[in-house]
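Working notes, structure below.
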Amino acid sequence: MIISDSQRMWFTTQLLSYYKLSGRTLPWRTDSNLYKIWVSEIMLQQTTVKTVIPYYEKFINAFPTVLKLSAASLTEILLLWQGLGYYQRAKNLYLGSRIISEIYQGAMPGTLNEWLKIPGVGLSTASAILAIGTNQYHTILDANVKRVITRFFTISSNNHPSKYNKTLWEVAQKLTSKEEPGDYAQAIMDLGATVCLNRNPECGKCPIHLHCKAYISNSVQNYPEKINRKPKTTYKEVCLLIRNQHNKYLFVRNDKNKLLESLWQPPTFPWPETNKIPTLDSINGLFTLHYPEFRSGKIVTLSKITHDFTHRTNDVYPFCIHTETKKNPTGTWLEIEEWKSIPVSTLYQKVLKAYLSVEQS
DNA sequence: CAATCGTGGTA
DNA sequence: TTACCAAGATT
């Protein structure tokens with residue numbers, strides 16, 4: 001793809017004046033610094049601005065500097081992150097804050113290679129941080145940029161995803177403003193997020209639509225190409241609300257599975273039968289296998305909870321077990337409403353809230 | 001490198 | 001209701 005200097009100049013000029021005129025006012029754009037931009041960029045990975053804003057405000061309020069963040073505990077951080085998803089990001093921010101505090105003495109890194117060593121920071125995020133934070137000449141390639149440039153040049157993958165991605169990086173780089181790379185990065189993201197929308201783009205409001213190949217050929221809806229996803233599978237599990245003689249419930253931290261790792265939840269075990277649902281009688285064998293110390297006591301069957309992830313559906317079959325154990329298992333005993341003091345995923349918040357509403361009725 | 005990792009919004 | 005998708009990185 002050949003892009004001349006004059007093409008680039010026109011493209012960037014249009015975007016920069018668009019940004020100056022109608023760029024969004026966002027929390028991480030006011031009273032900004034590299035730390036806050038880093039936090040915002042991590043939160044915004046695969047997550048919409050609207051969802052991020054309240055999380056960002058709470059996070060920066062609790063951890064206003066990288067040193068404050070590095071002095072926190074992972075639990076404190078996950079408490080503020082719960083419900084936002086992709087929890088490895090929170091752990092990476094924590095790890096990164098420790099690196100910056102110890103290796104860089106709290107000074108935010110100023111080069112691309114330094115940022116690329118921070119966990120969770122890839123090429124696009126590192127470039128965004130430096131372009132926006134320091135106006136260094138770096139190119140970003142996020143979903144917004146991909147949407148804008150695949151439409152503008154009608155770029156297709158032709159079943160060569162690797163070559164496709166390489167082309168996108170090259171085009172994105174050739175278009176990047178050399179004078180104002182920071183504003184340019186924010187301009188093209190604002191355009192993608194508010195005008196060049198995935199569905200129902202508002203091409204009439206677009207500052208570059210007159211030269212947009214997809215607009216000219218009336219094929220905007222064909223770009224970018226849709227991602228072929230694997231068919232979603234259903235995963236069934238039994239969830240145990242284990243209640244002891246002090247009216248406390250057992251919570252455990254997920255240290256085994258990558259999904260929802262480091263978050264807390266009631267104990268669970270997988271339900272292997274695809275076509276049968278777990279019942280009081282049928283869970284007995286597996287219950288004995290997984291939690292022999294809690295075999296005694298009454299068992300109450302609760303309603304199924306379903307939760308959709310991107311790649312699979314979880315069907316959770318909760319049971320409430322009454323037990324009188326003096327053993328101290330791995331985990332912690334809490335009053336049912338005390339789950340709010342530990343980080344819990346949206347999935348298990350659903351389970352707990354449903355149980356609580358049944359308990360009260 | 002294709003699969004994995006969360007959640008809420010939207011059509 | 002279901003499917004798709006968002007300021008991607010990692011393995």
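Residue numbers start from 1 in every chain, and the chains themselves are labelled A, B, ... in the order their sequence lines are given, proteins ahead of strands.
Among the protein residues, W38(A) comes within range of no part of the nucleic acid, since none of its heavy atoms lies under 4.0 Å from any strand. Contact annotation for A143(A): backbone-only contact, meaning every heavy-atom pair under 4.0 Å involves sugar-phosphate atoms and none involves a base. Residue-level contact check: K232(A) touches neither bases nor backbone, having no heavy atom under 4.0 Å from any strand. L26(A) comes within 4.0 angstrom of a base, heavy atoms only.
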All N/O donor-acceptor pairs, side-chain side in residues 308-315 of chain A, below 3.5 Å, sequence neighbours left out:
from, atom 1, to, atom 2, distance (Å)
D308(A), OD1, T313(A), OG1, 2.6
R312(A), NE, N314(A), OD1, 2.8
R312(A), NH2, N314(A), OD1, 3.4

Please evaluate residues Y249(A) and Y355(A) with respect to the criterion ring-ring contact (aromatic ring centres under 6.0 Å, His included), reporting the C-alpha separation (whole Å), side-chain torsions for both, the decisive distance (0.1 Å), and the verdict. CA-CA 12 Å; Y249(A) 295 78; Y355(A) 172 67; 5.6 Å; yes
Step-by-step side chain to side chain donor-acceptor pair (under 3.5 Å) determination, R89(A) to Q45(A): CA-CA 9 Å; R89(A) 295 182 298 174; Q45(A) 286 170 357; 5.1 Å; no
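Atom CD1 of I53(A) and atom P of dA6(C) are 18 Å apart (whole Å). Atom CZ in R24(A) sits about 9 Å away from atom C1' in dA7(C), given to the nearest Å. Atom CG of L116(A) is separated from atom C1' of dT10(C) by 13 Å (rounded to the nearest Å). Atoms CG (N165(A)) and C1' (dA9(C)) sit 13 Å apart, rounded to a whole Å. In this entry the distance linking NZ of K117(A) with C1' of dT10(C) reads 18 Å, nearest Å. Here the C1' atom of nucleotide dA9(C) and the CE atom of M43(A) are 17 Å apart, to the nearest Å. Taking atom CD1 of I118(A) as the reference point, atom P of dA9(C) lies 14 Å away to the nearest angstrom. Between the P atom of dA7(C) and the OH atom of Y56(A) lies a distance of 18 Å, rounded to the nearest Å.
Neither side chain, K276(A) nor S282(A), offers a donor N or O lying under 3.5 Å from an acceptor on the other. Checked by atom type, the side-chain pair T51(A)/T48(A) shows a donor-acceptor distance below 3.5 Å.
At a threshold of 4.0 Å, the pair R29(A)-D190(A) counts as salt-bridged, since one of the basic side-chain nitrogens sits closer than that to a carboxylate oxygen.
For residues 220-247 of chain A, there are no ring-ring contact (aromatic ring centres under 6.0 Å, His included) pairs, not counting sequence neighbours. Evaluation of the ring-ring contact (aromatic ring centres under 6.0 Å, His included) test over residues 10-38 of chain A, restricted to residues two or more places apart or in two chains, returns W10(A)-H211(A), F11(A)-F152(A), W28(A)-Y56(A), W38(A)-W115(A).
Put simply, S124(A) has no side-chain N or O that comes within less than 4.0 Å of OP1 or OP2 on dA9(C).
As rounded to the nearest Å, dC5(B) and dA7(C) have P atoms that lie 22 Å from one another. The gap from the P atom of dG8(B) to that of dA9(C) amounts to 23 Å, rounded to the nearest Å. Going from the P atom of dC4(C) to that of dA3(B) covers 15 Å, rounded to whole Å.
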Using a 4.0 Å heavy-atom cut-off to protein, can you give one letter per nucleotide of nucleotides 3-11 of chain B, 5' to 3': B if the base is in contact, S if only the sugar-phosphate is, - if neither? SBBBBSBBS
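No chain of hydrophobic side-chain contacts below 4.5 Å, direct or via other Ile, Leu, Val, Met, Phe, Trp or Tyr residues, connects L197(A) to L26(A).
Partners of Y86(A) according to the ring-ring contact (aromatic ring centres under 6.0 Å, His included) rule, which considers only residues two or more places apart in sequence or in another chain, do not exist here.
Of the residues in residues 144-162 of chain A, those lying under 4.0 Å from DNA chain C by heavy-atom distance are N144(A), R147(A).
In this structure, R29(A) and G120(A) both approach DNA chain C, and ranking their closest nucleotides by distance from the 5' end singles out R29(A). Across the interface with DNA chain C, nearest-nucleotide mapping of G192(A) and P119(A) shows G192(A) to be the residue nearer the 5′ end.
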